[in-house]
Amino acid sequence: MSNDSSNTNGKSRGIYLLPNLFTTAGLFSGFYAIVASMNDRFIEAAVAIFIAMVFDGLDGRVARMTNTESDFGAEFDSMADIVSFGMAPALVMYNYALADLGKIGWLAAFIFVAGGALRLARFNTNLGSSDKNFFQGLAIPSAAAIVAGLVWVGAEYGVEGSDMGGFAAVITICAGLLMVTNFRYHSFKDVDWKGKVSFLVILVIVLVFVIVATQPSLVLFSIFFLYALSGPVLTIKNVKKLKLGHVVGDDDEDDADFNDNKETKKEAEKSEKED
């Protein structure tokens, strides 16, 4: 009997140190955000969630670059994500602005957590079958950035959380619901990070860093807020007639593709083969 340590999907059953260190660092950042918010250190809490996003972006790339992908790493990453980008943003927002709203406050936070858990579950089950260039629903790190960004902006500019409770609840609920919609969001996975670029591109990147550095809380919140709005806009723009299946639900495997002509093309190809 073979002692092959890999399974049918090409991922190893072993546990690799390097990518899981990044995942653990992201998990720690999310946990720290919760603890910091409990001590009314909301700017630190919000920044910790953004730091968790950096680690979350690195662990998968490091695993692919070093050929250390594993089933354990994938499962660990999902569990870390629900803490860092599900529980942490919801509790940070609850401690900052939602606590005074009573039941509405904790229900808004729970909707966000539930939306994040459902988003991760759907992403994991659809892995390998969906369009890699687009996300189906708002990705949980982006939703976390909106919630954490709002807390960061409010705390940075001295706004009392109780003064923006209603607005914070609406943003938190909308971010949670956007995660379980079928709206298309560009994944930017088609960007060639290894390719050559012109000097102008490097100049633009430098300018972006300068702009972010001037007012990081406001700029980052604005970027992710506009990205969240891009999903409904992109979806409506690319369908002839908006249907319920384009917004929510899983009527068929083509929900994430939003291509009204796809079924027609399949039927045409089938008839050609029969002829």
Side-chain angles (χ1 to χ4, degrees), residues 26 49-50 52-61 63-65 74 77-78 81 84-86 89 112 115-116 118-150 171 174-198 200-202 204-205 207-209 211-212 218-243 245-262:
I49 292 173
F50 279 95
M53 290 179 62
V54 175
F55 286 122
D56 181 65
L58 288 174
D59 60 3
R61 286 173 174 79
R64 288 189 290 272
M65 290 173 60
D77 183 64
S78 290
D81 283 353
S84 300
F85 308 128
F112 183 87
L118 291 170
R119 172 66 175 80
L120 287 171
R122 183 172 66 175
F123 176 80
N124 290 339
T125 55
N126 290 344
L127 196 63
S129 61
S130 59
D131 188 349
K132 295 186 182 299
N133 294 327
F134 294 94
F135 290 129
Q136 183 181 5
L138 184 64
I140 188 171
S142 299
I146 294 172
V147 174
L150 181 60
I171 292 295
C174 288
L177 294 178
L178 281 173
M179 287 189 283
V180 294
T181 63
N182 289 331
F183 290 136
R184 299 180 80 194
Y185 287 92
H186 203 291
S187 65
F188 301 103
K189 292 183 179 180
D190 56 346
V191 177
D192 185 10
W193 298 103
K194 298 180 181 180
K196 294 181 179 180
V197 296
S198 66
L200 181 60
V201 174
I202 300 299
V204 170
I205 292 174
L207 291 175
V208 169
F209 276 104
I211 293 172
V212 172
L218 186 59
V219 173
L220 289 174
F221 172 73
S222 300
I223 289 173
F224 283 99
F225 185 79
L226 292 174
Y227 178 69
L229 293 179
S230 71
V233 173
L234 184 62
T235 301
I236 295 172
K237 180 181 177 182
N238 285 276
V239 297
K240 294 180 180 179
K241 183 180 179 181
L242 189 65
K243 302 177 182 178
H246 294 142
V247 179
V248 68
D250 288 310
D251 294 335
D252 53 57
E253 63 181 5
D254 296 324
D255 273 354
D257 295 327
F258 298 93
N259 190 341
D260 289 342
N261 296 322
K262 188 168 184 179

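All heavy atoms count here, side chains included; hydrogens, waters and symmetry mates do not. What you are looking at is a predicted structure, and each value in this text was computed from that prediction instead of being measured.
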Atom pair [atom1] ([X]) and [atom2] ([Y]), whose distance is rounded to the nearest 0.5 Å:
X      : Y      : atom1 : atom2 : result
Asp56  : Phe50  : CG    : CZ    : 13.5 Å
Ile146 : Leu229 : CD1   : CG    : 8.0 Å
Leu207 : Ile211 : CG    : CD1   : 6.0 Å
Phe183 : Leu177 : CZ    : CG    : 10.5 Å
Arg184 : Ser230 : CZ    : OG    : 11.0 Å

Shortest non-hydrogen separation from [X] to [Y] and the atoms involved:
X      : Y      : answer
His186 : Phe135 : O-CD1, 4.2 Å
Ala228 : Leu178 : CB-CD1, 4.1 Å
Pro89  : Val147 : O-CG1, 3.5 Å
Asn124 : Ser78  : ND2-OG, 3.0 Å
Tyr227 : Ser142 : CE2-OG, 3.5 Å

Any sub-3.5 Å donor-acceptor pair from Asn238's side-chain atoms to Leu234's backbone N or O?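 Yes, the answer is positive, given that a donor and an acceptor are paired below the 3.5 Å cut-off.
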Ignoring hydrogens and angles, tell me if any N or O in the side chain of Ser84 forms a donor-acceptor pair with the backbone of Gly26 under 3.5 Å.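 Judged by distance alone, yes, a pair lies under 3.5 Å.
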Count the heavy atoms belonging to other residues, nucleotides or ligands that lie under 6.0 Å from CZ of Phe225, then report whether that count exceeds 12.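 For Phe225, atom CZ is not crowded (no more than 12 foreign heavy atoms under 6.0 Å).
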Taking only residues two or more places apart in sequence, or in another chain, which ones meet [X] in a side chain to side chain contact (heavy atoms under 4.5 Å, CB included)?
X      : answer
Ala143 : Phe112, Leu138, Ala175, Met179
Ala63  : Pro19, Thr68, Glu69
Leu120 : Asp81, Ile82, Ile140

Kindly indicate whether the side chain of Asn182, heavy atoms from C-beta on, has any atom under 4.5 Å from the side chain of Arg122.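 In contact.
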Assess the residue pair Arg119 and Phe85 against the criterion (side chain to side chain contact (heavy atoms under 4.5 Å, CB included)); give the C-alpha distance rounded to whole Å, side-chain angles, the decisive distance to 0.1 Å, and a yes or no. CA-CA 11 Å; Arg119 172 66 175 80; Phe85 308 128; over 6 Å; no
